[in-house]
Amino acid sequence: MLDIKLIRENPDFVRDGLATRNSPVDIAEVLALDERRRAAITEADQLKNTRNDVSRQIGVLKKAGQDTSEIQRQTREIGEKIAALDNAVREIEAQQEKLMLAIPNLPHASVPRGRDAADNVVVRQWGQPRQFDFAPQDHVAIGERLGLFDFDRAARIAGAGFPLFTGPGARLERALIQFMLDMHTTRHGYTEIAPPHLVTTAAMTGTGQLPKMADDMYHASRDDLWLIPTAEVPVTNLYRDEIIRAPLPLKYVAYTPCFRREAGSAGKETRGLIRVHQFDKVELVKFVPPETSYDELEALVRDVEHVLQTLELPYRVLQLCSGDMSFAAAKCYDIELWAPGHNGWLEDSSCSNFEAFQARRANIRWKNAHGKTEFVHTLNGSGLALSRLYVALLENGQQADGSVVLPAAIRPYMGGLERLGPPA
RNA sequence: GGAGAGAUGGCUGAGUGGCCGAAAGCAACGGUUUGCUAAACCGUCGUACUGGUAACAACCGGUACCGAGGGUUCGAAUCCCUCUCUCUCCGCCA
């Protein structure tokens, strides 16, 4: 959510920023509602002030044994006016809130303006796509041959679009999770969190998934709980409605499964692990002072890159243009993995600075150096999503004989196994 | 799922209709004292909205907030209703 004061005081600045986002939003209505809201509040507050004064007098008069029935009758009328105004304020606030929740974040000054993914900028690339002396296969062919997963049986259990890892494939999934958690906790200074996988509507609204993404998420209607599409939701909500007392920055890492309906994506990448309704992810979340949030973003990206470098997987870092950034982001880097079987780059991580956008929605504050209470800045990044990392690992590690060589860093987590071979 | 108890400011904890935004203690912050530390003493010490002065810091006023939402009343932390959460006991259960 944007600061209503910013919109009120610098409407042109806000209009310009929003114009670079992909979904056009008009702030005129918000401004008009804000005007009406403040007028109604002022009027109601003045009446309440009067009522408070009179009520106090009634108490004094009664104690003195005087008749106060007439003055009470008058005050009751004031009370009725107040109630009507309070209702009006509530109504206006609800409308204003609804509009405010639909306004995306403003892009940071360093974000290139652009319409869509075509205007994103490649910031750097690490590693070179490997040259094959045979035709590289895609991860589905590799995995099925090696018995790492079984999509047919997964469909029997849960329908299309769910993964089912088997044997060494399941172990590799677990190994990657553990490897990344270990790296982020022991090398990068993150605290591990194992959060709930279902969350309330308030939590989803706090991080910005609701109301906009309701159709993309699984909802347990009986209990009105939502399955998390990312650990960002429960972890960022750790401090909802709180003034953080611990010194910032706070850095958390959490492994969770992620659930996404992928409504509107029917037919795209339906094969294999690339687009699935459930995938595992190790997520990084930071709560930081506003002054350092952009430094923290760069550090966050480096932490994610460190994982890929250690796994020896070629990747590139993209800076997203204003039109391609997600709703809540002020600045965002995507990290894409090279996938030889698809002969292309796969988006596997998104690292964003949300500035105070989420903190304002979720009401997460801290006391700054001057003792003043202010909203924190929140950041998060995938560090990383398992399914596509898995794809890259299989496709980059595949050999002419059909086996897959595992990166040295992951072998200790696989009981020393160096390569995945065909089942006996 | 059943029965009971509870939810007050960073923490502990008073407060059952008006002088309560809320005692007291602790913690924190500023200061005095001090060779240093400690102690003692003095002061400050919630948040949001809103009006004004003023301007990107601050000051003055108003309003609201004692788990959340409604209600009664001239007036609610205090009385009533609903909900949420916590604790204890019972039942069930990985």
Side-chain angles (χ1 to χ4, degrees), chain A residues 1-14 30-31 33-97 100 106 109 194 196-206 220 222-226 234 237-248 250 287 289-291 355-356 359-376:
Chain A
M1 190 152 60
L2 297 181
D3 185 356
I4 183 63
K5 286 184 196 136
L6 179 70
I7 299 178
R8 190 190 302 151
E9 285 162 22
N10 296 294
D12 291 334
F13 173 78
V14 172
V30 167
L31 284 169
L33 284 169
D34 188 50
E35 195 83 15
R36 283 176 51 204
R37 186 186 118 258
R38 286 158 64 207
I41 287 176
T42 302
E43 198 182 342
D45 280 1
Q46 281 166 358
L47 288 174
K48 284 175 186 172
N49 186 18
T50 306
R51 182 178 65 181
N52 288 345
D53 284 346
V54 174
S55 292
R56 238 184 309 268
Q57 283 168 28
I58 290 173
V60 174
L61 291 173
K62 276 197 161 177
K63 229 163 228 167
Q66 299 193 26
D67 175 37
T68 56
S69 52
E70 174 58 20
I71 193 168
Q72 283 187 31
R73 192 189 58 73
Q74 289 169 2
T75 313
R76 195 176 309 135
E77 281 171 18
I78 295 179
E80 283 160 13
K81 280 189 203 160
I82 290 172
L85 280 166
D86 277 349
N87 282 332
V89 169
R90 228 191 317 272
E91 220 167 277
I92 296 167
E93 275 178 344
Q95 281 183 55
Q96 190 177 345
E97 170 97 347
M100 290 291 287
L106 296 171
H197 299 169
L198 280 81
V199 303
T200 61
T201 294
M204 282 295 185
T205 306
R222 197 180 167 105
D223 299 291
D224 193 21
L225 291 170
W226 304 79
N237 276 283
L238 272 175
Y239 292 105
R240 182 157 53 88
D241 290 326
E242 192 169 328
I243 297 172
I244 299 176
R245 304 283 161 175
L248 300 185
L250 291 168
F287 303 85
E291 312 84 70
E355 297 193 2
R360 194 171 288 112
R361 284 174 167 244
N363 195 27
I364 304 171
R365 295 171 295 171
W366 76 306
K367 296 242 187 227
N368 67 18
H370 306 291
K372 203 168 145 58
T373 304
E374 66 179 353
F375 291 111
V376 302

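Letters go in sequence order (proteins before strands), and every chain restarts at 1.
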Item to complete: Provide, to the nearest angstrom, the distance between the CD atom belonging to E77(A) and the P atom belonging to G75(B).
Response: 13 Å
Discussion item. For a quick check of understanding: with a heavy-atom distance under 4.0 Å over all strands, which category does S55(A) fall into, base, sugar-phosphate or nothing?
Written reply: base
Worksheet item: Are the side chain of R360(A) and the backbone of M1(A) linked by a donor-acceptor contact shorter than 3.5 Å?
Response: yes
Worksheet entry | Euclidean distance for P, C26(B) against U33(B) (whole angstrom) | 23 Å
Polar-atom pairs under 3.5 Å, protein N or O versus N or O of nucleotides 66-72 of chain B: list them with distances, or write none.
from	atom 1	to	atom 2	distance (Å)
G70(B)	OP1	R90(A)	NH1	3.4

Worksheet item: Taking atom C1' in both A24(B) and A14(B), what distance in whole Å separates the two?
Response: 7 Å
Worksheet entry | Residues, nucleotides or ligands: over 12 heavy atoms within 6.0 Å of R8(A) CZ | yes
Discussion item. By the 4.0 Å heavy-atom rule, please label R8(A) as base, sugar-phosphate, or nothing.
Written reply: sugar-phosphate
Fill in: Distance between P atoms of C80(B) and G10(B) (Å, rounded)
27 Å
Worksheet entry | Distance in angstrom units between E80(A) CD and G75(B) C1', rounded | 15 Å
Item to complete: Hey, which sits more toward the 5' end of RNA chain B by its nearest nucleotide, T75(A) or E93(A)?
Response: E93(A)
Worksheet item: Mapping G79(A) and D34(A) to their closest nucleotides on RNA chain B, which lands nearer the 5' end?
Response: D34(A)
Worksheet item: Between K367(A) (NZ) and A27(B) (P), how many Å, whole number?
Response: 19 Å
Fill in: Distance between C1' atoms of A64(B) and A54(B) (Å, rounded)
25 Å
Item to complete: Using a 4.5 Å cut-off on heavy atoms from C-beta on, say whether the side chain of F375(A) contacts that of I364(A).
Response: no
Worksheet item: Does T373(A) have a side-chain nitrogen or oxygen under 4.0 Å from the phosphate oxygens OP1 or OP2 of U47(B)?
Response: yes
Item to complete: Specify the separation, in whole Å, of atom CD1 of I92(A) and atom P of C49(B).
Response: 17 Å
Worksheet, complete the sentence: To the nearest angstrom, the CD-P distance between Q57(A) and G18(B) comes to 17 Å
Discussion item. For the C1' atoms, the ones on G46(B) and on U34(B), what distance do you get once it is rounded to whole angstrom?
Written reply: 34 Å
Item to complete: Could you tell me whether the phosphate oxygens of A28(B), OP1 or OP2, come under 4.0 Å of any side-chain nitrogen or oxygen in R245(A)?
Response: no
Worksheet item: Just how far is it from atom CG of L225(A) to atom CE of M204(A), taken to the nearest 0.5 Å?
Response: 9.5 Å
Item to complete: In sequence, state the C-alpha distance, the side-chain angles, and the governing distance for D34(A) and R38(A), and then conclude on salt bridge (charged side-chain N to carboxylate O under 4.0 Å, His left out).
Response: CA-CA 6 Å; D34(A) 188 50; R38(A) 286 158 64 207; 3.6 Å; yes
Worksheet item: Do T201(A) and W226(A) have side-chain atoms, one donor and one acceptor, less than 3.5 Å apart?
Response: yes
Fill in: Contacts of type side-chain hydrogen bond (donor to acceptor under 3.5 Å, both in side chains), residue R51(A), not counting sequence neighbours
none
Fill in: Separation of C56(B) P from L6(A) CG (nearest whole Å)
16 Å
Name the pairs: protein N/O against N/O of nucleotides 60-65 of chain B, kept only if under 3.5 Å.
from	atom 1	to	atom 2	distance (Å)
G62(B)	O3'	N49(A)	OD1	3.1
G62(B)	N2	D45(A)	OD2	3.2
U63(B)	OP1	N49(A)	OD1	3.0
U63(B)	OP1	N52(A)	ND2	3.3
U63(B)	O2'	D45(A)	OD1	3.0
A64(B)	OP2	N52(A)	ND2	3.4

Worksheet item: Whole Å only: how far is the CG atom of D224(A) from the C1' atom of U84(B)?
Response: 13 Å
Worksheet item: Heavy atoms, side chains only, cut-off 4.5 Å: are R37(A) and L33(A) in contact?
Response: no
Worksheet item: Is any side-chain heavy atom of Y239(A) closer than 4.5 Å to a side-chain heavy atom of L250(A)?
Response: yes
Item to complete: Sticking with atom P, work out how far G75(B) lies from G21(B), rounded to a whole angstrom.
Response: 16 Å
Worksheet item: N363(A) has an atom CG; how far is it from atom P of A48(B), in whole Å?
Response: 9 Å
Practice prompt. For nucleotides C89(B) and A76(B), find the distance between their P atoms and express it as a whole number of Å.
Written response: 39 Å
Please tabulate, for side-chain N and O atoms in residues 63-73 of chain A, each donor-acceptor pair with protein atoms closer than 3.5 Å (sequence neighbours left out).
from	atom 1	to	atom 2	distance (Å)
D67(A)	OD1	S69(A)	N	3.2
D67(A)	OD1	S69(A)	OG	3.1
D67(A)	OD2	S69(A)	OG	3.2
T68(A)	OG1	Q72(A)	NE2	2.9
E70(A)	OE1	R73(A)	NE	3.4
E70(A)	OE2	R73(A)	NH2	2.9
E70(A)	OE2	Q74(A)	NE2	3.2
R73(A)	NH1	E77(A)	OE2	2.8

Practice prompt. Please round to the nearest 0.5 Å and tell me the distance separating atom CG of L2(A) and atom CG of L106(A).
Written response: 4.5 Å
Worksheet item: Is there a donor-acceptor contact under 3.5 Å from the side chain of D241(A) to the main chain of N363(A)?
Response: no
Discussion item. Between A38(B) and A77(B), how many Å separate the two C1' atoms, rounded to a whole number?
Written reply: 40 Å
Fill in: Strand contacts (RNA chain B) in residues 61-73 of chain A, 4.0 angstrom heavy-atom criterion
K62(A), K63(A), Q72(A)
Worksheet entry | Flag side-chain contact, heavy atom, 4.5 Å: T200(A) against T205(A) | no
Practice prompt. Decide yes or no for T373(A) and I243(A): does some side-chain heavy atom of the first lie under 4.5 Å from some side-chain heavy atom of the second?
Written response: yes
Worksheet, complete the sentence: Output field dot_bracket for RNA chain B (Watson-Crick or G-U, both distances under 3.5 Å, | for other-strand pairs) contains ((((((((.[[[..)..(.....]]].(((((.......))))).((((((((....)))))))).[[[[[..)....]]]]])))))))....
